S.K.: 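Quick one: the structure is below, questions incoming.
Reminder, nothing fancy here: chain letters follow the sequence lines and each chain counts from 1. Quick caveat: nothing in here was measured; it's all calculated off a predicted structure.
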Amino acid sequence: MNPIKKDPLDGLNPSQVEAVKHFTGPLLILAGAGAGKTRVITHRIAYLIEGLGVMPYEILALTFTNKAAGEMRDRAERIIGDNARKVTLATFHSFCNHLLRREIRSLKEYSENFSIYDDADARRCVKEILKELDRPMTGSHAPARIVDAISRSKNFATSPSALLSSFDPLAEEIDEIFKRYEARLVENNAMDFDNLLGKTLELLDGCAETRDRYRRRYQFILVDEYQDTNRVQYELLRRLCPPDGNITVVGDADQSIYGWRGADIGNMTSFERDFNNVAVVSLEQNYRSKQNILDAANALIAHNAGPREKRLWSALGPGDPVMFHLAWDDSSEAQFIVDEAGHLLDEGYRLEDIAVLFRTRAQSRPLEDAFIRAGLPYLIIGATEFYKRKEIKDAIAYLRVVDNPRDMVAFARIANEPKRGLGPKSLEKIESAAREAGSLIGISEDAAAASKQFPAKAAPLIGALRRLHGLRGSVPVPELVRAVLEDTGYYSYVERMDKQEGVSRAENLEEFFKLAHEYAKEASKPTLEGFLSKVSLVSDSDVADGDESRARMLTLHSAKGLEFPVVFIVGLEEGMLPHGNALGDADGDREERRLCYVGATRAKELLYLSACKGRMTRGVACNNDISRFIMEIGPDRFKMLEGARGGARPGESFFDTAPGGGSDEAVERSPAIRLGGADADDFSREPVDDDYSTPRRASSKKSAASRRGFDSDRFDGVDEEIVREKCGFRAGDKVEHKVFGTGRVVSFKGDEICVAFENIGIKRLSARYAPLVKID
DNA sequence: CTTCATTAGCTTTTT
DNA sequence: GCTAATGAAG
């Protein structure tokens with residue numbers, strides 16, 4: 001028994017109450033940024049159950065990310081307790097995945113243990129097909145591009161060639177490649193992300209009985225981020241809900257930023273057309289940001305043509321003006337942010353209050369450098385690398401083959417990992433044998449032994465896979481996972497790998513086992529398929545959270561739905577934001593503007609925008625104009641900020657007006673350039689080199705960044721002597737730092753070494769990892 | 001068949 | 001500045 005913890009109508013404004021209390025029939029909620037969208041959905045779920053007597057299992061709530069789904073469930077649970085768990089609350093993809101696993105019989109060519117293919121798997125398929133067709137795989141025929149074209153065509157529900165210019169050399173062949181790709185998926189009993197949606201639609205269309213069953217089951221449907229639905233998702237909603245059904249969609253056309261992926265804002269207007277008597281509620285009061293921030297955001301978005309459905313307002317007061325800083329180059333832009341962050345910390349903000357938003361992932365690098373140098377811990381959201389790690393992908397591939405022995409993409413990945421002497425030639429033979437036998441484990445031992453064609457070296461692997469496949473269902477998932485990796489020899493192979501490499505990989509595998517345990521604990525009916533689905537459908541932004549005291553770094557896209565007291569948006573330059581690929585295209589331009597709008601509206605108290613006159617892109621210097629978005633917001637809305645080292649003035653050109661001093665100065669500030677330059681040798685000593693040459697994605701707890709930056713706190717109290725011994729420095733030593741120049745060692749504290757640098761001042765650095773060299 | 005080294009190609013955003 | 005693919009040598 002769970003008492004109502006809270007009245008679902010408590011603390012809502014009149015529009016929100018109207019949205020929450022709406023009972024039957026379609027409802028369209030136009031919710032501006034920060035207007036309490038998630039709040040309305042969760043409270044509506046609560047009210048339907050507690051106030052209107054709807055059964056929890058009759059409710060289907062769909063989101064785009066696992067994170068949003070989880071958050072919604074948490075919040076609903078806080079209002080109504082355990083009943084919230086019985087609501088079907090899922091992403092579109094995971095909902096479809098579940099439906100398919102249950103109903104797949106209706107699609108004869110698939111069985112319920114189908115694999116889910118990610119982009120990399122899809123590319124591999126395309127590559128094989130190109131090889132088959134003897135076509136090139138470069139330029140216009142790059143597998144990634146083809147996969148992209150195929151995916152877009154599915155999202156737009158059209159043929160791939162229809163979306164290509166007729167001049168595209170690919171246009172002629174793409175449909176054929178597409179056909180073979182689909183056939184290959186079927187052969188492998190696999191679905192790509194798009195097919196999870198598409199096949200579900202197909203299934204519901206092909207079987208009225210199933211469709212009606214789901215319609216009866218889900219009397220109430222709620223859709224979050226409705227503006228991001230694509231054609232297929234829209235059609236799915238129409239299958240699941242009759243025209244006068246109880247469907248509530250919540251969206252904001254101004255936050256539509258996934259048009260490139262097939263999201264169709266047209267679905268907002270289609271909704272009123274295709275569903276009957278649609279009620280509309282508009283939420284305009286913003287509970288997140290100070291008015292100055294909203295004014296800037298409103299001014300920006302006003303430049304997108306079309307009627308303004310709403311104008312955000314806030315009762316939180318004007319707040320500080322939005323700030324703008326023009327930096328010399330990307331590293332001084334990053335330095336500006338670090339300096340500013342320092343001030344903010346002095347003022348009482350915490351690191352986790354601060355978010356730095358950028359357009360492209362590549363922009364994180366200089367920021368990371370600056371944060372590392374300053375010893376400020378940060379977290380890159382969305383760079384989960386965990387599931388992209390080789391050992392994890394291998395482990396998943398093993399499991400996939402065991403679960404679905406038709407999955408030849410997974411098999412190709414692991415056949416020779418560890419080395420079993422199975423090269424491409426052997427692989428081909430195994431594949432054709434598998435095709436003949438129906439699946440890998442269908443290859444009979446006798447037939448294989450009899451055939452001179454069949455590589456004998458493959459027999460043990462196939463045997464192990466067959467045996468493990470048989471254990472499916474009778475052995476608990478975590479044990480099965482371990483058995484798969486141990487019995488195939490993969491685990492010991494990883495363990496035996498040389499030194500650090502092997503250790504961190506084995507650690508990651510242990511982490512993976514832990515995931516399996518967690519899954520088994522929380523799933524009502526754990527299965528290998530369930531576990532695989534789970535790991536296949538996690539998105540990058542799902543993991544990153546936690547209340548760790550770190551600044552956040554993330555793309556504008558992954559910022560949607562989040563909020564932070566302080567937001568920096570960097571790189572407001574033509575070609576960057578708006579991005580070069582969107583220039584010259586009116587739709588693209590508008591979407592870029594919305595992207596910037598989304599970023600700006602993430603800020604609660606302080607919003608900083610910055611641009612730089614020049615930046616390094618792909619190792620090449622280039623200079624950009626200040627983004628049109630800055631002009632559109634209007635100069636009088638900004639407080640202009642100078643950086644510690646002086647900002648550049650508008651109109652001044654970066655690399656060409658200052659060929660001598662100017663660019664040299666810039667080069668000196670950029671560690672990346674120095675590293676590649678002549679004095680790289682100076683830093684080739686092991687710990688030093690390691691620190692700066694290894695990839696610096698900070699998402700992993702084991703990254704160099706995290707070790708130096710903050711974990712050091714935990715070593716407080718470590719004997720000073722040990723530290724001294726470890727790093728070989730003593731107080732008074734003159735040292736040189738790759739970035740900070742020369743200085744003198746002042747003292748030690750825990751794992752940290754304090755150094756007084758000539759121009760910079762005293763810095764606390766990690767004794768073990770700081771790139772310090774003793775000089776005479 | 002494997003391993004190592006060099007090179008080409010590329011980076012917008014992601015369930 | 002990175003990954004993945006290709007090529008040469010073991």
S.K.: If you measure only the distance, is there a donor-acceptor pair under 3.5 Å linking the side chains of A:Arg152 and A:Thr158?
M.R.: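 There is no such pair between these side chains.
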S.K.: Tell me, do A:Asn188 and A:Asn404 make a side-chain contact under 4.5 Å, heavy atoms counted?
M.R.: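 No. Closest side-chain heavy atoms not under 4.5 Å.
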S.K.: Consider only side-chain N and O atoms of A:Tyr378 and A:Glu368, and report whether a donor and an acceptor are under 3.5 Å apart.
M.R.: yes
S.K.: When we call it a touch if two heavy atoms are under 4.0 Å apart, what does A:Ser94 touch: a base, just sugar-phosphate, or nothing?
M.R.: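 The residue A:Ser94 makes no contact with any strand.
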S.K.: How far, in whole Å, is B:dT13 from C:dA4 if one measures between their P atoms?
M.R.: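 Here C:dA4 and B:dT13 have their P atoms 16 Å from each other.
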S.K.: Side chain of A:Thr360: nearest nucleotide among B:dT14, B:dC1, B:dT13?
M.R.: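 For the A:Thr360 side chain, the nearest candidate turns out to be B:dT13.
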S.K.: Compare the minimum distances between each of B:dC1, C:dC2, B:dT14 and the side chain of A:Arg365, then state the nucleotide with the smallest one.
M.R.: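 Of B:dC1, C:dC2, B:dT14, C:dC2 is nearest to the side chain of A:Arg365.
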S.K.: Describe the nucleic acid contact of A:Tyr258 in one word from base, sugar-phosphate, nothing, applying a heavy-atom distance below 4.0 Å.
M.R.: sugar-phosphate
S.K.: Within this structure, what is the CZ-to-P distance between A:Arg123 and C:dT3, rounded to whole angstrom?
M.R.: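 These atoms are roughly 13 Å apart.
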S.K.: Do the side-chain N or O atoms of A:Thr555 get closer than 4.0 angstrom to the phosphate oxygens (OP1, OP2) of B:dT14?
M.R.: yes
S.K.: Can you tell me if A:Lys131 has over 12 outside heavy atoms packed within less than 6.0 Å of its NZ?
M.R.: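 No, NZ of A:Lys131 has 12 or fewer neighbouring heavy atoms, counting only those of other groups under 6.0 Å.
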S.K.: Take atom CG of A:Leu130 and atom P of C:dA4, then tell me their distance rounded to the nearest Å.
M.R.: 17 Å
S.K.: Side-chain N or O of A:Thr65 less than 4.0 angstrom from OP1 or OP2 on B:dT14?
M.R.: no
S.K.: Hey, what are the protein-to-nucleotides 2-4 of chain B N/O distances that come in under 3.5 Å?
M.R.:
{"from": "B:dT2", "atom 1": "OP1", "to": "A:Asn416", "atom 2": "OD1", "distance (Å)": "3.4"}
{"from": "B:dT2", "atom 1": "OP1", "to": "A:Asn416", "atom 2": "ND2", "distance (Å)": "3.3"}
{"from": "B:dT2", "atom 1": "OP1", "to": "A:Gly421", "atom 2": "N", "distance (Å)": "2.8"}
{"from": "B:dT2", "atom 1": "OP2", "to": "A:Asn416", "atom 2": "ND2", "distance (Å)": "3.1"}

S.K.: Would you write out the dot-bracket form of DNA chain B, 5' to 3', with Watson-Crick and G-U pairs under 3.5 Å, [ ] for crossing pairs, | for pairs to other strands and . for unpaired bases?
M.R.: |||||||||......
S.K.: In whole angstroms, how far is the P atom of B:dT15 from the NZ atom of A:Lys534?
M.R.: 16 Å
S.K.: Whether A:Asp121 and A:Arg413 form a salt bridge (side-chain N of Lys/Arg under 4.0 Å from carboxylate O of Asp/Glu) is what I want to check.
M.R.: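 Not counted as a salt bridge, because no side-chain N and carboxylate O are separated by less than 4.0 Å.
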S.K.: Pick the nucleotide of DNA chain B nearest each of A:Ala142 and A:Arg261; which residue has the one closer to the 5' end?
M.R.: A:Ala142
S.K.: Could you give the CD-to-P distance, from A:Gln227 to B:dT15, as a whole number of Å?
M.R.: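 Rounding to the nearest Å, CD of A:Gln227 and P of B:dT15 are 15 Å apart.
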S.K.: Just the rounded figure in Å: distance from P of B:dT13 to CD1 of A:Ile381.
M.R.: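 Interatomic distance, CD1 of A:Ile381 to P of B:dT13: 16 Å.
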S.K.: Within the 3.5 Å criterion, strictly below it, is a donor on A:Glu573 or A:Ser627 matched to an acceptor on the partner's side chain?
M.R.: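 Checked: A:Glu573/A:Ser627 side chains show no N/O donor-acceptor pair below 3.5 Å.
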S.K.: By a 5.5 angstrom centroid cut-off and a 30 degree plane limit, is there stacking between A:Phe64 and B:dT15?
M.R.: no
S.K.: So, is the end of the A:Arg552 side chain (NZ or CZ) under 6.0 Å from the ring centre of A:Phe564 and within 45° of the ring's axis?
M.R.: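 Here A:Arg552 fails the 6.0 Å and 45° test against A:Phe564.
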S.K.: Rounded to whole angstrom units, what separation is found between the CG atom of A:Leu236 and the P atom of B:dT15?
M.R.: 18 Å
S.K.: Rounded off to whole Å, could you give me the CD1-to-P distance for the A:Ile257 and B:dT13 pair?
M.R.: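 Interatomic distance, CD1 of A:Ile257 to P of B:dT13: 12 Å.
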S.K.: Can you identify which nucleotide, out of B:dT15, C:dC2, B:dT14, has its nearest atom closest to the A:Arg361 side chain?
M.R.: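 Nearest to the side chain of A:Arg361 among the choices is B:dT14.
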S.K.: Report the distance from atom CG of A:Asp119 to atom C1' of B:dC10, rounded to the nearest whole Å.
M.R.: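 Those two atoms, CG and C1', are 16 Å apart.
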S.K.: Cationic tip of A:Arg261 within the cone over A:Tyr258's six-membered ring, i.e. under 6.0 Å and within 45° of the normal?
M.R.: yes
S.K.: Between A:Asp394 and A:Lys390 (salt bridge meaning N to carboxylate O under 4.0 Å), is one present in this structure?
M.R.: yes
S.K.: Under the side chain to side chain contact (heavy atoms under 4.5 Å, CB included) rule, collect the residues that match up with A:Ala410, sequence neighbours excluded.
M.R.: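 Counting only residues at least two positions away or on another chain, A:Ala410 forms a side chain to side chain contact (heavy atoms under 4.5 Å, CB included) with A:Ala397, A:Arg400, A:Val401, A:Asp407.
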